[in-house]
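The block underneath contains the structure these notes are about, expressed in structure tokens.
Heads up: numbering here begins at 1 and tracks the sequence.
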Amino acid sequence: MFYCQLSLSDLNLVYACTKDKTLMIDVQAREISERDLKAALQLAHPEAVKYLEPQIRLAAKVGKQKKEYKLSVTSEKTFEKIKSLAEAPIEAVFTDPTYGKFERGEALDKITQDVKRALEEECDEESLKVLSKTVDTVRKEVVRRRIIAEGLRVDGRRLDEVRPLYCEAGNLPVLHGSSLFSRGDTQVLCTVTLGAPGDAQRLDSLVGPPTKRFMLHYSFPPFCINEVGKRGGLNRREVGHGTLAEKALLAVLPPEDDFPYTVRINSEVMSSDGSTSMATVCGGSMALMDAGIPLREHVAGMSVGLISDVDPSTGTIKDYRIVTDILGLEDHLGDMDFKIAGTRNGITAIQLDIKPAGIPLDIICECLEPALKGRLQILEHMEREINAPRTQDDKNSPRLATLKYSNDSLRHLIGPLGALKRKIEEETGARISVSDGTLTIVAKNQSVMEKVQEKVDFIVGREIEIGGIYKGVVTSVKEYGAFVEFNGGQPGLLHISELSHEPVSRVSDMVAVGQQLSLMCIGQDVRGNIKLSLKATLPRLVSETNNVLGGSVDSKNHVPNVWETVGDVPDEQEKQKNVVDDLPVDKHDTSGASSSSSTPAVLIRSAAECDEEEKSAGLNLNFRSSSRSLSTSKSDSNHKSKASPSQKNVLDSPFADSDIFSSRNAKSSKSFSPKEKERESNTNFVGDDEDENECNSSSATRSRNDLNDREHAVEAPMNAKKLKLGMQVTAKVHQIRARGLVLDLGGGIRGMYRFETSGKRDFEIGDE
């Protein structure tokens, strides 16, 4: 019940007191105002006093008398003797503001040694026994008298003045977050480390939360006070200071739902001259923002001290001064160290340490106002350095993603005995945690996060959208395309026409079983099968060889694409291996049809292209389908007069059965009747080769007749600029290939002649 109420409250106040004075205050709050805190303290005091009377009655009932202790008191004579020797030089040191902490300490130690030598010369053993304690009392009197009477401090500051400030955020860029905060001679280095939710500290407690996701570790090494010492375990001082700074920053952290990271701050005190815990609050706030943590506000803290003049007879305070941002010496020689941390909106943490037997509550409440003024000065400097959380675009910033999936999908992701989950973690270095319907991924940077999400999407899948890019693996290769498994086991078809922007003769030349591809979803067919495209994810190449060559083209604006010999162009082979000049060669075609939809009778190619062509085999299924449609309609006696020019060119070409034209022929075959369109879409997943021979025979016959009608000749010597469509050329056989000839046209120009279906094949090198 207590913890439930505490989680809803804006204030957690622990207050201890005597009947009329305050002894101890500890506060953790959610930016509570100074006015509300005063009201809470004034409410707490009478409530706490109620418990004094039962304690007094219980002590009286027990009946034990208090023991009397004899205090060690220095005699008046000894005190005055040591004071006369040390007071003047001590006051000279305290009135010189040029001294730093260590220089002032060395000067005071020297004064003590001088007094010791003087007493040793006089052989005053009694004074030597109490020398150290008495000199410290003299120091205290000098400092307190100057502050109360003159309002002057040992470093020359006014009572409400804050020491010089220096702030720096992101000084260690390799870390998730870092900052350096200096106030006078006090300097603190803070670093932030972000972790996964599973990195949270586990608490062995019967009550309260089971884990702790925000931790602050405060370290006070010996070198920060100019000493050399052995570092052991944490002491009570370090634990207390770290807990106070942790409570101060906890109030501005984002909720766990918005920021599920585990956060650890490490505070190293580099130099100490008072209020290192409050410097940790300031440095920690800047480091958290440097790490990209969306804090609501900056938090700053400082210590307020008290110097009082007490009546020895009554113990009442006659006069006092409130001191802002106290030094270590003022803390030691003063009455109070009142640490107050908060934002511009209010207080987040308080800790009160006092030396006398209580301080009146009204003086405590009076200290809140100067503390606010000093805190606002510090916040101004911090905000000038960093006033908003940095964006997490740094390569070293960790990434955390929380995804929602069904439990069945998560079981599929984990795999048998968690084998699949462990494999992903080992391959990427990320960490994956699974809870009921939630998957949490923690990666050290954005690139690792993207790799993990790709693997998760591939295994579990995500909603399929037209135009979305998905990773898939080829499961089988057919003549008409490839089947791909993507998006968590979803099957899809990658048709041969969607493999590349260039014509593709065989699917196996482009993809292989087990190959991973990045594909775009382009829709569904009439049967609901998912259609994928590889060429949609590839940039479209613009090549000069796609330009149309014709007699009407101005030679000044067009540079013909001349293939070099094999030995001259080893570097050009890869560029040109998919480039083909599709040109119509038909003396009967005078209708002015676009040449881009027809095929040439003679193809000018490089020898390297011939090597590539020999590797390809088989005909494209789409071309077969269109050829079959054309062949079937050939029985009509009026076919020639009704056929379109592009269809006529395809049939008249001696290379109509060539694989390199399959993609273009597929395009021309799309002008079907509605029934043919439906038949074509329904056969996306099925291949049919039944009319292949009839198509090849018809194409070859028409090609031979067309070649016999050529009447143009080319005059020697041969030049690339002189080549025109329809020219008859004389060439020598340069090489004999399995499926055709490489011809030497002269002038360094090579051409390819493809064997006809029933034509001559017995050639020899050198034949014309």
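A donor-acceptor pair under 3.5 Å is absent between the side-chain atoms of Ser277 and the main chain of His241, judged by distance alone. Of the possible polar contacts, one joining the Asn407 side chain to the Gly437 backbone as a donor-acceptor pair under 3.5 Å is found. With hydrogens and angles ignored, the 3.5 Å screen pairs a side-chain donor or acceptor of Glu161 with a backbone N or O of Arg158. A donor-acceptor pair under 3.5 Å is formed between the side chain of Ser271 and the backbone N or O of Asp185. A side-chain donor-acceptor contact under 3.5 Å links Arg144 to the backbone of Leu333. In terms of modelled atom types and a separation under 3.5 Å, the side chain of Lys140 and the main chain of His332 share no donor-acceptor contact. Judged purely by atom type and a 3.5 angstrom limit, Arg153 uses its side chain to pair as donor or acceptor with the backbone of Leu159. In this structure, the side chain of Ser9 does not engage the main chain of Gln5 through any donor-acceptor pair within 3.5 Å. Using modelled atom types, one side-chain atom of Asp273 and one backbone atom of Gly328 make a donor-acceptor pair closer than 3.5 Å. A side-chain donor-acceptor contact under 3.5 Å links Lys421 to the backbone of Ile432.
The cationic group of Arg139 does not satisfy the cation-pi geometry with Phe94, failing either the under 6.0 Å distance to the six-membered ring centre or the 45° limit from the ring axis.
Surrounding CZ of Arg237 are more than 12 heavy atoms belonging to other residues, nucleotides or ligands, all under 6.0 Å away.
What you find for Pro221 and Glu268 is that their closest heavy atoms are CG-OE1, 4.0 Å. Nearest heavy atoms, Ile441 versus Gln453: CD1-CG, 4.4 Å. Taking both residues in full, the closest heavy atoms of Met302 and Ala371 are given as SD-O, 3.8 Å, listed atom of the first, atom of the second, then distance. Contact record, Leu361 with Leu41: CD2-O, 3.7 Å, taken as the closest heavy-atom pair. Of all heavy-atom pairs spanning Leu400 and Pro260, the tightest one is CD2-CG, 3.2 Å. Nearest heavy atom pair, residue Ile378 against residue Ala300, reads CG2-CB, 3.9 Å.
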- Kindly determine whether Met24 and Asp353 satisfy side chain to side chain contact (heavy atoms under 4.5 Å, CB included), including the steps that lead there. CA-CA 7 Å; Met24 187 273 292; Asp353 298 327; over 6 Å; no

| Passes side chain to side chain contact (heavy atoms under 4.5 Å, CB included), Val484 versus Leu519? Steps please. | CA-CA 9 Å; Val484 178; Leu519 305 168; 3.7 Å; yes

Does the side chain to side chain contact (heavy atoms under 4.5 Å, CB included) test come out yes or no for Ile364 and Leu352, once each step is laid out?
-> CA-CA 9 Å; Ile364 299 293; Leu352 173 65; 3.8 Å; yes

Applying side chain to side chain contact (heavy atoms under 4.5 Å, CB included) to Leu306 and Phe338, what does each step give before you reach the verdict?
CA-CA 9 Å; Leu306 178 69; Phe338 193 16; over 6 Å; no

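Within the 4.5 Å cutoff, the side chain of Leu534 has no heavy atoms near those of the Met520 side chain. Within the 4.5 Å cutoff, the side chain of Tyr320 has heavy atoms near those of the Glu366 side chain. Counting heavy atoms from C-beta outward, Ile322 and Glu369 have side chains that stay 4.5 Å or more apart. Side chains of Cys224 and Met270 form no contact here, defined as non-hydrogen atoms less than 4.5 Å apart. Using a 4.5 Å heavy-atom threshold, the side chains of Leu203 and Thr211 count as separate. Using a 4.5 Å heavy-atom threshold, the side chains of Phe220 and Ser272 count as touching. Leu413 places a side-chain heavy atom less than 4.5 Å from the side chain of Val456. Contact of the Ile265 side chain with the His217 side chain is not registered, since no non-hydrogen atoms from C-beta on lie closer than 4.5 Å.
Residues His298 and Ser285 have side chains that bring a donor and an acceptor to within less than 3.5 angstrom of each other. No side-chain donor from either of Tyr218 and Thr243 sits under 3.5 Å from a side-chain acceptor of the other. Side-chain atoms of Tyr166 and Glu385 include no donor-acceptor pair closer than 3.5 Å. For the residue pair Thr438/Lys404, the side-chain donor-acceptor check at 3.5 Å is satisfied. Between the side chains of Ser406 and Ser409, at least one donor-acceptor pair of N or O atoms lies under 3.5 Å. Using modelled atom types and a 3.5 Å distance limit, the side chains of Asp335 and Ser308 yield a donor-acceptor pair.
A salt bridge does not link Arg213 to Asp199: none of the charged side-chain nitrogens sits closer than 4.0 Å to a carboxylate oxygen. For Arg157 and Asp325, the salt-bridge test passes: some basic side-chain N is under 4.0 Å from an acidic carboxylate O. Comment: Asp337 engages Lys339 in a salt bridge, judged by a side-chain N to carboxylate O separation of less than 4.0 angstrom. With salt bridges taken as basic N to acidic carboxylate O contacts below 4.0 Å, one links Arg344 and Glu383. A salt bridge links Lys247 to Asp26: one of the charged nitrogens lies within less than 4.0 Å of a carboxylate oxygen. Between Glu34 and Lys38, no side-chain nitrogen of the basic residue sits less than 4.0 Å from a carboxylate oxygen of the acidic one, so the salt-bridge criterion is not met. Salt-bridge formation is not detected for the pair Arg375/Glu380: no Lys NZ or Arg NE/NH1/NH2 atom is positioned less than 4.0 Å from an Asp or Glu carboxylate oxygen.
Between His45 and Tyr15, the ring center distance clears the sub-6.0 Å criterion.
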For a quick test of your reading: what N or O donor-acceptor pairs under 3.5 Å do the side chains of residues 290-297 make, sequence neighbours left out?
unit_1 : atom_1 : unit_2 : atom_2 : d
Asp290 : OD1    : Arg390 : NE     : 2.4
Asp290 : OD2    : Ser178 : N      : 3.0
Arg296 : NH2    : Ala251 : O      : 2.4

